[in-house]
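Here the structure comes first, spelled out in structure tokens, and everything after it is commentary.
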Number of protein chains: 2
Amino acid sequence: MSLRHILLGLLDEPKSGYDIKQLFNKIFRHFWSAELSQIYPALSQLERDGLSRSHNEASAKGPARRVYKRTAQGTRTHKAWLRAGPEVGKDRVSYLTQVFFLDAVPAAERLAFLTDLRQHFADELEELREVDRNWAAEDQRYPDQLPDESLYKQFTLRLGLKKIAATVAWCDECIEVIKASIKKRPKV
Amino acid sequence: MSLRHILLGLLDEPKSGYDIKQLFNKIFRHFWSAELSQIYPALSQLERDGLSRSHNEASAKGPARRVYKRTAQGTRTHKAWLRAGPEVGKDRVSYLTQVFFLDAVPAAERLAFLTDLRQHFADELEELREVDRNWAAEDQRYPDQLPDESLYKQFTLRLGLKKIAATVAWCDECIEVIKASIKKRPKV
DNA sequence: GGCCCCATGTAATGGGTTACATGATTGC
DNA sequence: GCAATCATGTAACCCATTACATGGGGCC
């Protein structure tokens, strides 16, 4: 369960489940996500395990918030996770399993599939570039003079940009190959 | 459940659960995986649903094999999956969640973490390049004259190579930045 | 009045991993 | 004799998604 570790990482400052969901939507979007229905039980489990503590807080608008912060024990667990070395899980790229079998449908549909895919990643790339631009606008030190506490966050953004740009370029190459094959054999 | 669709895709020719696991280890390694304990129940479920049929077959070595092949209904379901458009799931990149929080440990450990990561992906890249070379050696038509039935399989390999190469390059950049910061402030 | 945002949770279900159980054949 | 490969499966558990349930406050 890696969500536990992410939560611990975020709980250096007090946060509610709702706060964390917002962060997932904004900052982690390109490499992690979780639903509120998973976050809330995970937070209370952390507390049962002595890794975090919580208290209620009045909210400006809406019901009371339950904010969690990690304990010293939680901080130790968090560091141990980082020190255990990189978790290189098996990637599961659903759309690639589809591409693998794509010759089962007519050429026109294959082209449409990859055009769809390209559109999706081009949009995602544009979103990430916007995050990048906004960050640069907000912080004078961006990107070369960042302090450690934001440098590693920037690294994750950099990889997102690289990988998604590579994926868009790959879509374009595939589309070219398919178009060329349609020209040669219009009825295949 | 995407495993069902992958299984259907593979069952155009008769295959056993064991055969499929081999394929996962060899061909799908860089974008999908599944355990035998997941594959066997999924295969019998496909049969219960009328999407595949099986029979026993004597094996050269070891116990009898149960080989499955998809039915006409299975083929229709498979094509419907492809026609439903790209499944762009949320990526979950565990090691990026770690990089995000990596400033929590001393600079020397951060460097070790990224060196580890680089090694992992450099190895993975080398494996994929080997697959690429072997394929080229076995098929005269590789890579530009491939027929449709192998072209799309080659596309998946191409993206694997691109993404992993981008990841290795990213590791190198991060490592350079960390080394530079250690030189400037040796005790941070 | 209706919609969106704030805010927290439970229940049912789906999907996946790890551990367990069994047993034959081949090669060293 | 022992390890590796071939071969199939079950059971327990973990993790994640979807659906359900509830309710206040602000804005148009």
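Bear in mind that the values here come from a model prediction, so they are computed numbers and not experimental data. Reminder, nothing fancy here: chain letters follow the sequence lines and each chain counts from 1.
Mapped onto DNA chain D by nearest heavy atom, L36(B) and K90(B) fall at different nucleotides, with L36(B) at the one closer to the 5' end. Heavy-atom distances to DNA chain D give each of Y40(B) and W32(A) a nearest nucleotide, and the one nearer the 5′ end belongs to Y40(B).
The side chain of S16(B) sits closest to dT8(D) out of dT8(D), dG15(C), dT8(C). Closest to the P41(B) side chain, of the nucleotides dT10(D), dC6(C), dA19(D), is dT10(D). Ranking dT8(D), dT8(C), dA7(D) by closeness to the P63(B) side chain, first place goes to dA7(D). Here the nucleotide nearest the side chain of E35(B), chosen from dT18(C), dC6(C), dG16(C), is dT18(C). Each of dA16(D), dC6(C), dG16(C) was ranked by its minimum atom distance to the side chain of L3(B); first place goes to dG16(C). Considering only the side chain of S33(A), dT17(D) comes nearest among dG16(C), dG9(C), dT17(D). Minimum atom distance to the side chain of Q22(A) is reached by dC6(C), of the listed dC6(C), dT17(D), dT8(C). Across dG9(D), dG9(C), dT17(C), the shortest atom-to-atom separation from the side chain of Y68(B) is found for dG9(D).
Note: CZ (R92(B)) to P (dC14(D)) measures 18 Å, nearest angstrom. Going from atom CG of L43(B) over to atom P of dT10(D) covers 12 Å, rounded to whole Å. Counting to the nearest Å, the P atom of dG24(D) and the CZ atom of R65(A) are 19 Å from each other. Regarding H5(A), its NE2 atom lies at a distance of 11 Å from the P atom of dA16(D), rounded to whole Å. At whole-Å resolution of the value, CD1 in I39(B) and C1' in dA7(D) are 13 Å apart. For the pair D91(A) CG and dG16(C) P, the interatomic distance rounds to 14 Å; values are reported in whole Å. Atom CG of N56(A) and atom P of dT8(C) are 9 Å apart (whole Å). Across the protein-nucleic acid pair, R66(B) atom CZ and dT22(C) atom P stand 21 Å apart, rounded to whole Å.
No engagement by R4(B) is indicated, since no non-hydrogen atom pair under 4.0 Å with the nucleic acid exists.
Side-chain atoms of S37(B) and base atoms of dT18(C) include a donor and an acceptor less than 3.5 Å apart.
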- request: Show your working on side-chain hydrogen bond (donor to acceptor under 3.5 Å, both in side chains) between S52(B) and E47(B) and close with a plain yes or no.
  value: CA-CA 5 Å; S52(B) 78; E47(B) 189 161 25; 5.4 Å; no
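Between the side chain of H30(B) and the main chain of T156(B), a donor-acceptor pair closer than 3.5 Å is present.
With rounding to the nearest 0.5 angstrom, the NE2 atom of H78(A) is 10.5 Å from the CZ atom of R83(A).
Scanning both residues, Y40(A) and G17(A), for their nearest heavy atoms gives CE2-CA, 3.8 Å.
Of the charged side-chain nitrogens involved, none lies within less than 4.0 Å of a carboxylate oxygen, so that R110(B) and D103(B) do not count as a salt-bridged pair.
You'll find the ring centres of F100(A) and F28(B) inside the 6.0 Å limit. For F31(B) and F24(B), the ring centers are positioned 6.0 Å apart or more.
Distances shown here put every side-chain N or O of Q38(B) at or beyond 4.0 Å from the OP1 or OP2 atom of dG15(C).
The hydrophobic cluster containing L3(B) also contains L23(B), counting ILVMFWY residues as joined when their side-chain heavy atoms lie under 4.5 angstrom apart, directly or transitively.
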N/O to N/O distances under 3.5 Å, protein versus nucleotides 3-5 of chain D:
none

